[in-house]
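Structure first, commentary second.
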There are 2 protein chains.
Amino acid sequence: MLVDLEDAYRLIAPRPIVLITTVDKDGRINAAPISWVTPVESEPPIVIFSTSYESDTYRNVSETEEFVLNLVPERIKKQMYTCGKSFPRGVNELEKAGLNWEPSEKVKPPRIVECPVNLECKLDWIHQGPEYVVVAGRVVAAHAQKGAMKAGRLNVEQVKPLLHVSGKNFVIGDHETGL
Amino acid sequence: MLVDLEDAYRLIAPRPIVLITTVDKDGRINAAPISWVTPVESEPPIVIFSTSYESDTYRNVSETEEFVLNLVPERIKKQMYTCGKSFPRGVNELEKAGLNWEPSEKVKPPRIVECPVNLECKLDWIHQGPEYVVVAGRVVAAHAQKGAMKAGRLNVEQVKPLLHVSGKNFVIGDHETGL
C-alpha cells in the first residue's frame, strides 16, 4: 500500500537515539535528543545529525562549532524524554532531567555520565536545507564505559540501546544475532 | 575508556539496514546494503545515505539521479549479505542473492519484493567529502506491505527489522516498549 509521504521517515526505523550536548558562547549547556543521526565515514570518523535552524543545538553549534553525541540507553528513557521538551534558551536540560555531566577531553560541551558512549566532535561541515540543517562533526575523542564494548563493537546486551520507532514508541536493541 | 577513533562509528548502533537499488544509464540493476542512512527531514521527506565514490550505487545515482531504499527484515539477512559482496559493475546483485523485484511507481530503480518497506527517491543534493559522499534523496513514493505498519508507525514485531551492530553482528529490532 502507498504511505502518506509525510510518514515516510517513520519507516527507516528503529534508529539509535543520542542526546546532543552543546554550549553557547557563554558556556551555558544544552542537551537535546535526536534520532536523525548516522556515521557517514569511518576514517576519519565523521557523524551527521539533522535539526532545525531554530534549535538551541544548531544555534550553539553555529556559535562554538563543537558538540558531543551521547548514546541513550534504555535506563534513561524518561530523562531523555524530558530533555526533548521545550525549555527557554539557556536552560540546562540535564539539570531539568536529573542527569549528570562531566568535562569532555577535547571540546567544551560536557559528556553525560549516564550515557555509556560519548563521541566528542568538532564541526566539519553543514548542509543548509530549506527548513532543516544537516550538521557533520569529526569525532576527536570517543569514550566507552566499562562493559559498553565487547570484541570491538557495542555490547548491546549490556548497554540496551534505546531506539526510536515513532512518537513515544521505542525498541530496546539488545537482541543480538549473527549472520 | 578511550576508544580508537576509527572504531567510533561502531558505537552509534544498532542502525537500520537498507538495500539501495539503482540502475545505470542502460537500465542495469544494482543493489547494495547500507546502514549509514537516516531521514533528515519529514516534510518534504528527505533521506540521506553515505557511500564511496567508487561504489556502483554512487555511479548509478550520478547517472540517473534516482534510488530506492528497501528496508531489510531479518528473514533476508543472508540475501542482504550476498548483495554486499563485490561483483563486477553491471551484475544484478538481486539475481545473485535470489531476491525478487518489481517496477517502482515513480522511478526506474525497482522495489525489492521481500522488503516490507520501499521508499522511491529522486536525488535532492550531494555532499562530496574527501573519500565519502553523502547522497540525499526526496521520497516521491513510499510503500509498506500489508502488516508492515500499525497506528502510523513501523510494525516492528511483524517486520523484525535487521539492524547493524558491526561486521556480521546484528540486532533484531522487534522488542517494542513505550515511555
Side-chain angles (χ1 to χ4, degrees), chain A residues 1-3 5-16 18 36-43 45-48 50 69 71 77-78 81 117 119 125 127 129 131-132 134 139 141-144 146 149 152-154 156 161 163 165-179, chain B residues 1-3 5-16 18 36-43 45-48 50 69 71 77-78 81 117 119 125 127 129 131-132 134 139 141-144 146 149 152-154 156 161 163 165-179:
Chain A
M1 70 176 193
L2 281 170
V3 177
L5 287 180
E6 60 263 38
D7 291 329
Y9 76 96
R10 300 181 204 273
L11 299 178
I12 303 298
R15 301 177 306 271
V18 292
W36 290 354
V37 60
T38 182
V40 294
E41 174 68 310
S42 57
E43 215 175 332
I46 310 286
V47 290
I48 68 107
S50 182
L69 299 188
L71 189 70
K77 67 181 172 184
K78 286 186 195 302
Y81 200 78
V117 165
L119 303 185
W125 54 267
H127 175 84
E131 292 182 44
Y132 68 97
V134 174
V139 182
H143 306 261
K146 192 169 174 337
M149 290 182 79
R153 66 181 189 271
L154 193 71
V156 295
L163 310 175
V165 181
S166 178
K168 294 183 182 177
N169 302 286
F170 304 92
V171 157
I172 313 304
D174 62 352
H175 200 51
E176 202 181 68
T177 183
L179 194 62
Chain B
M1 68 177 195
L2 282 169
V3 176
L5 287 179
E6 60 263 37
D7 291 328
Y9 77 95
R10 300 181 203 272
L11 300 177
I12 304 298
R15 301 178 305 272
V18 292
W36 290 354
V37 60
T38 182
V40 295
E41 174 68 310
S42 57
E43 215 175 333
I46 310 285
V47 290
I48 67 107
S50 181
L69 299 187
L71 189 71
K77 65 181 172 183
K78 287 186 194 300
Y81 200 79
V117 165
L119 303 185
W125 54 267
H127 174 85
E131 293 183 43
Y132 67 97
V134 174
V139 183
H143 306 262
K146 192 169 173 343
M149 291 183 77
R153 66 182 189 273
L154 194 69
V156 295
L163 311 175
V165 180
S166 177
K168 294 182 181 176
N169 301 287
F170 304 92
V171 156
I172 313 303
D174 62 351
H175 201 51
E176 201 181 70
T177 183
L179 196 64

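Every chain is numbered from 1 and lettered A, B, ... according to where its sequence line falls, protein lines coming before strand lines.
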>> Side chains of P39(B) and Y132(A), heavy atoms from C-beta outward: is any pair under 4.5 Å?
In response: no
>> For A8(B) versus P45(A), what's the shortest heavy-atom pair and its separation?
In response: CB-CB, 4.2 Å
> Which bit of V139(A) comes within less than 4.5 Å of chain B, counting heavy atoms only: side chain, backbone, both or neither?
Replying inline: both
> Under a 4.5 Å heavy-atom cut-off, does chain B meet the side chain of E6(A), its backbone, both or neither?
Replying inline: both
> Which residue out of V3(A), V40(A), V47(A) racks up the most heavy-atom pairs below 4.5 Å with chain B?
Replying inline: V40(A)
>> Between L119(A) and chain B, with a heavy-atom cut-off of 4.5 Å, which part of the residue counts as in contact: side chain, backbone, both or neither?
In response: side chain
> Relative to chain B, which segment of L2(A) carries a heavy atom at a distance below 4.5 Å: side chain, backbone, both, or neither?
Replying inline: both
>> If I measure from the heavy atoms of chain B, does P161(A) come under 4.5 Å with its side chain, its backbone, both, or neither?
In response: side chain
> Under 4.5 Å between any side-chain heavy atoms of V18(A) and I12(B), yes or no?
Replying inline: yes
> Does a side-chain heavy-atom distance below 4.5 Å link P16(B) with R15(A)?
Replying inline: yes
>> How long is the straight-line distance from CH2 of W36(A) back to CD of E41(B), given to the nearest 0.5 Å?
In response: 5.5 Å
> So, for A142(A) and L5(B), which heavy atoms are closest and what is the spacing to 0.1 Å?
Replying inline: N-CD2, 4.0 Å
> Relative to chain B, which segment of V117(A) carries a heavy atom at a distance below 4.5 Å: side chain, backbone, both, or neither?
Replying inline: side chain
> Is there a side-chain contact between I48(A) and T38(B), using heavy atoms and a 4.5 Å cut-off?
Replying inline: yes
> Parallel under 30°, tilted from 30 to 60°, perpendicular over 60°: which one fits the rings of W125(A) and H127(B)?
Replying inline: parallel
> Under a 4.5 Å heavy-atom cut-off, does chain A meet the side chain of L179(B), its backbone, both or neither?
Replying inline: both
Using residues 165-172 of chain A as the side-chain source, report each donor-acceptor pair under 3.5 Å to any protein atom, sequence neighbours left out, with the distance given to one decimal.
residue: S166(A); atom: OG; partner: R10(A); partner atom: NH1; Å: 2.9
residue: N169(A); atom: OD1; partner: R153(B); partner atom: NH2; Å: 3.4
residue: N169(A); atom: ND2; partner: S166(A); partner atom: O; Å: 3.1

>> Measuring from atom NE2 of H143(B) to atom CG of L11(A), what distance do you get when rounded to the nearest 0.5 angstrom?
In response: 11.5 Å
